[in-house]
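Comments concern the structure below.
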Amino acid sequence: MNRRWLTMLLVLLAWPLQATTVKRMDLDGLVATADITVVGTVESSRTYWDPGGRLILKRNTIRVSESLKGQSSSTVDVTTIGGTLDGITLDVAGMRGFTAGEDSVVFLEGTGLYRTLVGLGQGKFSVEGDVVSNDISNLEFVGERPRETIRMTLDSFRDEIRQRVSPF
């Protein structure tokens, strides 16, 4: 079966799904799980097939303005699943995309060949002005009712993360 047919089959099987079920992560869980947490601006995104030709992936390059946890270089690459390539679109509910020029705080973990968001969309927080918020729509949480998104000032959010990284 060639990759286009396999991808189309995966998309058709996922079509009726409107949400992705994951374990709910609070800020403590995001900080504990993340190898790196950074504040930055999305420089670029590139869509490509995974090495096996079965999944559409997107590499998003973020220019780091501040590291809140872990060591990072001046840029970090974040890999997400989904996008449009060769006339085929793959959309994963709960997977947050990135847009060039967008400011974000991201919680990242290494997963084999890739650096990904912790907890799908839970690990990406958009920064608009001085307000940070996350979008957890299209995510359902194992054994829990949906919760509201986190929304606070960027300074408060930084302080909350730093307290969890260095509690003393």
(Q) Is any side-chain heavy atom of Val105 closer than 4.5 Å to one of Val127? (A)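 The answer is yes; the side chains approach within 4.5 Å.
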Practice item. Could you tell me whether the side chain of Thr99 reaches within less than 4.5 Å of the side chain of Val42, counting heavy atoms only? Key: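 Not touching, per the 4.5 Å side-chain cut-off.
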Out of curiosity, [X] [atom1] to [Y] [atom2], how far, rounded to the nearest 0.5 Å?
X: Glu160; Y: Leu30; atom1: CD; atom2: CG; answer: 12.5 Å
X: Leu55; Y: Tyr48; atom1: CG; atom2: OH; answer: 10.5 Å
X: Ile36; Y: Gln71; atom1: CD1; atom2: CD; answer: 8.5 Å
X: Asp26; Y: Gln122; atom1: CG; atom2: CD; answer: 9.5 Å
X: Glu66; Y: Arg158; atom1: CD; atom2: CZ; answer: 4.5 Å

State which residues pass ring pair (Phe, Tyr, Trp, His ring centres under 6.0 Å) with Phe157; sequence neighbours excluded, sorted by chain then number.
->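 Only Phe125 meet the ring pair (Phe, Tyr, Trp, His ring centres under 6.0 Å) criterion with Phe157.
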Which residues pass the side-chain hydrogen bond (donor to acceptor under 3.5 Å, both in side chains) test with [X], sequence neighbours left out?
X: Thr75; result: none
X: Ser72; result: Ser67
X: Asp77; result: Thr61
X: Thr153; result: Ser156

**OP:** Could you name each residue pair satisfying salt bridge (charged side-chain N to carboxylate O under 4.0 Å, His left out) that touches residues 116-134, not counting sequence neighbours?
**Re:**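 Of all non-adjacent pairs touching residues 116-134, those that pass salt bridge (charged side-chain N to carboxylate O under 4.0 Å, His left out) are Glu102-Lys124.
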Tell me whether [X] shares a hydrophobic cluster with [Y], the cluster being built from Ile, Leu, Val, Met, Phe, Trp, Tyr side chains joined at under 4.5 Å.
X: Val165; Y: Leu68; value: yes
X: Val31; Y: Val39; value: yes
X: Val92; Y: Phe98; value: no

| query | What pair of heavy atoms forms the shortest contact from Leu90 to Ile56, and how long is it? | reply |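 Heavy atoms only, the tightest pair is CD2-N, 3.8 Å.
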(Q) Looking at every non-hydrogen atom in both residues, tell me the closest pair between Ile81 and Leu57 and how far apart they are. (A)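 Heavy atoms of Ile81 and Leu57 come nearest at CG1-CD2, 3.9 Å.
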**Asked** Just wondering, more than 12 heavy atoms not from Arg46 lying within 6.0 Å of its CZ?
**Response**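 For Arg46, atom CZ is crowded (more than 12 foreign heavy atoms under 6.0 Å).
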request  = Hey, could you give me each pair passing side-chain hydrogen bond (donor to acceptor under 3.5 Å, both in side chains) that has a residue in residues 36-45? Not counting sequence neighbours.
outcome  =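 Residue pairs with at least one partner in residues 36-45: Thr41-Asp103, Glu43-Arg63, Ser45-Asn60.
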Please table the atom pairs, donor to acceptor, closer than 3.5 Å between any side-chain atom in residues 106-120 and protein atoms at least two apart or in another chain.
| residue | atom | partner | partner atom | Å |
| --- | --- | --- | --- | --- |
| Thr111 | OG1 | Tyr114 | O | 3.4 |

Open item on the list: Closer than 3.5 angstrom, by distance alone: can the side chain of Thr47 be matched with the main-chain N or O of Thr84 as a donor-acceptor pair?
Closed with: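 Not a single qualifying donor-acceptor pair exists.
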